[in-house]
Amino acid sequence: MNTQQMEQMGQFKITVWEEENFQGKRCEFMLECQNIMERGFNKIRSIKVENGPWVGFEYPEFQGQQFILEKGDYPRYEAWSGNSSYRTEHMLSFRPIKCANHSDSKVTMYECEDFQGRKFEMCDDYPSLQAMGWCSKEVPSIKVNSGAWVAYQFPGYRGYQYILERDRHQGEYRNYNEYSTQAHTNQVQSIRRIQH
């Protein structure tokens, strides 16, 4: 089944509200939204993901801090920002993560930029990269061989979130600046597969 067929069957569905606790103006989406303000919203303060994984962004045009949104309810910003060291109380754009496949995900981390140096392939979730043998707090380049992943700045799936997808950049993130528009460091200490 291709992505277009999945979209037609409702594989991706998210409902957003302008206020916390599912109050105020609401709108359902099955496709990406580059700028919620163009729909008459000032901000998004609560979310319900019914189908598919999504990535939310702090600013319009998929810019700023990223937040993974898997199936479930997000009544307030703490629910999507989680244990992030950086909190934002609103979201202004979002899109589905179409290549997520929890049962078939593989990623390769490299100790230097441009896929140089020691490498480590993973097919599972790691709450602490150092505990599994990665000798550094930094991951300068990553290649997503299949699926979609969320990398975190700190152990225990905390800190900045970086959504890494096979169908973006051809899965190649040659340096940390390609992890996201707000990546200020190549510090990655935990990583997990995105649930679909």
Side-chain angles (χ1 to χ4, degrees), residues 47 49 52-59 62-72 74 76-88 91 93-196:
I47 301 165
V49 176
W54 295 73
V55 56
F57 295 85
E58 178 181 18
Y59 300 117
F62 314 122
Q63 301 293 308
Q65 175 67 18
Q66 301 175 341
F67 301 99
I68 185 66
L69 301 166
E70 292 163 312
K71 188 172 183 175
Y74 300 84
R76 301 191 48 185
Y77 74 92
E78 292 96 346
W80 69 69
S81 63
N83 292 322
S84 177
S85 59
Y86 176 83
R87 295 184 188 267
T88 180
M91 197 175 293
S93 59
F94 50 88
R95 62 174 175 76
I97 300 173
K98 298 178 181 177
C99 65
N101 184 348
H102 190 263
S103 62
D104 180 27
S105 294
K106 187 162 116 181
V107 68
T108 306
M109 300 183 322
Y110 295 84
E111 71 177 347
C112 300
E113 291 184 352
D114 294 317
F115 316 121
Q116 300 298 308
R118 188 175 77 125
K119 67 180 182 178
F120 189 84
E121 287 187 358
M122 297 179 292
C123 298
D124 207 353
D125 303 343
Y126 287 95
S128 172
L129 293 177
Q130 288 72 36
M132 69 85 174
W134 190 256
C135 298
S136 174
K137 293 181 178 179
E138 300 173 345
V139 180
S141 58
I142 297 175
K143 187 178 288 186
V144 178
N145 304 306
S146 58
W149 297 75
V150 56
Y152 295 84
Q153 182 181 15
F154 301 120
Y157 311 121
R158 297 177 301 114
Y160 286 111
Q161 300 176 26
Y162 306 118
I163 311 305
L164 308 169
E165 301 166 81
R166 174 67 183 108
D167 63 358
R168 301 268 171 182
H169 304 281
Q170 293 79 46
E172 296 184 351
Y173 299 84
R174 295 184 169 280
N175 63 61
Y176 75 89
N177 291 321
E178 294 179 353
Y179 296 169
S180 82
T181 61
Q182 53 72 37
H184 303 293
T185 177
N186 59 5
Q187 186 175 357
V188 172
Q189 296 184 62
S190 54
I191 191 167
R192 69 176 178 82
R193 297 162 292 172
I194 293 177
Q195 303 284 334
H196 191 267

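These numbers come from the heavy atoms of this one structure, side chains and all, not from hydrogens, waters or symmetry mates. Heads up: numbering here begins at 1 and tracks the sequence. Remember, it's a predicted structure, so these values are computed and weren't measured experimentally.
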* Asked: Sub-3.5 Å donor-acceptor pair from the side chain of Glu78 to the main-chain atoms of Arg76, do we have one?
  ->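 Pair absent, no side-chain N/O of Glu78 close to backbone of Arg76.
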* Asked: Sub-3.5 Å donor-acceptor pair from the side chain of Asn175 to the main-chain atoms of Asn177, do we have one?
  ->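 Yes; judged by distance alone, with no hydrogens or angles, the pair exists.
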* Asp104: side chain to side chain donor-acceptor pair (under 3.5 Å) partners, not counting sequence neighbours ->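 Not a single residue meets the side chain to side chain donor-acceptor pair (under 3.5 Å) criterion with Asp104.
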How long is the span from the [atom1] atom in [X] to the [atom2] atom in [Y], to the nearest 0.5 Å?
{"X": "Arg174", "Y": "Cys112", "atom1": "CZ", "atom2": "SG", "value": "13.5 Å"}
{"X": "Ile97", "Y": "Trp54", "atom1": "CD1", "atom2": "CH2", "value": "10.0 Å"}
{"X": "Ile191", "Y": "Tyr126", "atom1": "CD1", "atom2": "OH", "value": "10.5 Å"}
{"X": "Glu111", "Y": "Asn186", "atom1": "CD", "atom2": "CG", "value": "12.0 Å"}
{"X": "Glu165", "Y": "Ser105", "atom1": "CD", "atom2": "OG", "value": "11.5 Å"}
{"X": "Ser190", "Y": "Gln153", "atom1": "OG", "atom2": "CD", "value": "9.5 Å"}

Find out whether [X] and [Y] are in side-chain contact, i.e. whether some heavy atom of one side chain is under 4.5 Å from a heavy atom of the other.
{"X": "Val49", "Y": "Glu70", "result": "no"}
{"X": "Thr108", "Y": "Ile142", "result": "no"}
{"X": "Thr181", "Y": "Gln66", "result": "no"}
{"X": "Trp134", "Y": "Phe120", "result": "yes"}
{"X": "Glu58", "Y": "Ser93", "result": "no"}
{"X": "Tyr160", "Y": "Gln182", "result": "yes"}
{"X": "Leu129", "Y": "Val188", "result": "yes"}
{"X": "Ile163", "Y": "Ile68", "result": "yes"}

* Give the C-alpha distance, both sets of side-chain angles, the deciding distance and a yes or no for side chain to side chain contact (heavy atoms under 4.5 Å, CB included) between Trp149 and Val144. => CA-CA 8 Å; Trp149 297 75; Val144 178; 4.0 Å; yes
* **Under-4.0 Å salt bridge between Lys106 and Glu121** =>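 Counted as a salt bridge, because a side-chain N and a carboxylate O are separated by less than 4.0 Å.
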* Hey, is Glu178 close enough to Arg168 for a salt bridge, meaning N to O under 4.0 Å? ->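 So Glu178 does not pair with Arg168 through a salt bridge.
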* Asked: Should Val139 and Tyr110 be marked as a side chain to side chain contact (heavy atoms under 4.5 Å, CB included) after you check the CA-CA gap, both sets of side-chain angles, and the distance that decides it?
  -> CA-CA 6 Å; Val139 180; Tyr110 295 84; over 6 Å; no
* Give the minimum heavy-atom separation between Tyr176 and His184, together with the two atoms involved. =>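 Closest pair (atom of Tyr176, atom of His184, distance): CE1-C, 3.5 Å.
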* Asked: Considering all heavy atoms of both residues, which atom of Phe115 and which atom of Ser141 are nearest to each other, and what is their separation?
  ->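 What the structure gives for the nearest pair is N-OG, 3.1 Å.
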* Only one of Arg158, Gln189, Arg192 forms a side chain to side chain donor-acceptor pair (under 3.5 Å) with Tyr152, so which one is it? ->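 Answer after filtering Arg158, Gln189, Arg192: Arg192.
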* Please work out which of the three classes, parallel, tilted or perpendicular, describes the rings of Tyr179 and Tyr162, given edges at 30° and 60°. =>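 Geometry flag for Tyr179 against Tyr162: tilted rings.
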* How far apart are the C-alpha atoms of Lys71 and Gln195, what are their side-chain angles, what is the distance that settles it, and do they pass the side chain to side chain contact (heavy atoms under 4.5 Å, CB included) test? -> CA-CA 8 Å; Lys71 188 172 183 175; Gln195 303 284 334; over 6 Å; no
* Are Gln63 and Phe57 close enough, and set up right, to give a side chain to side chain contact (heavy atoms under 4.5 Å, CB included), and what steps lead you there? -> CA-CA 6 Å; Gln63 301 293 308; Phe57 295 85; 6.0 Å; no
* To do: Compute both the distance and the angle, then confirm whether Lys143 meets the cation-pi test with Tyr173: under 6.0 Å from the six-membered ring centre, within 45 degrees of the axis.
  =>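 Verdict for Tyr173: no cation-pi partner in Lys143.
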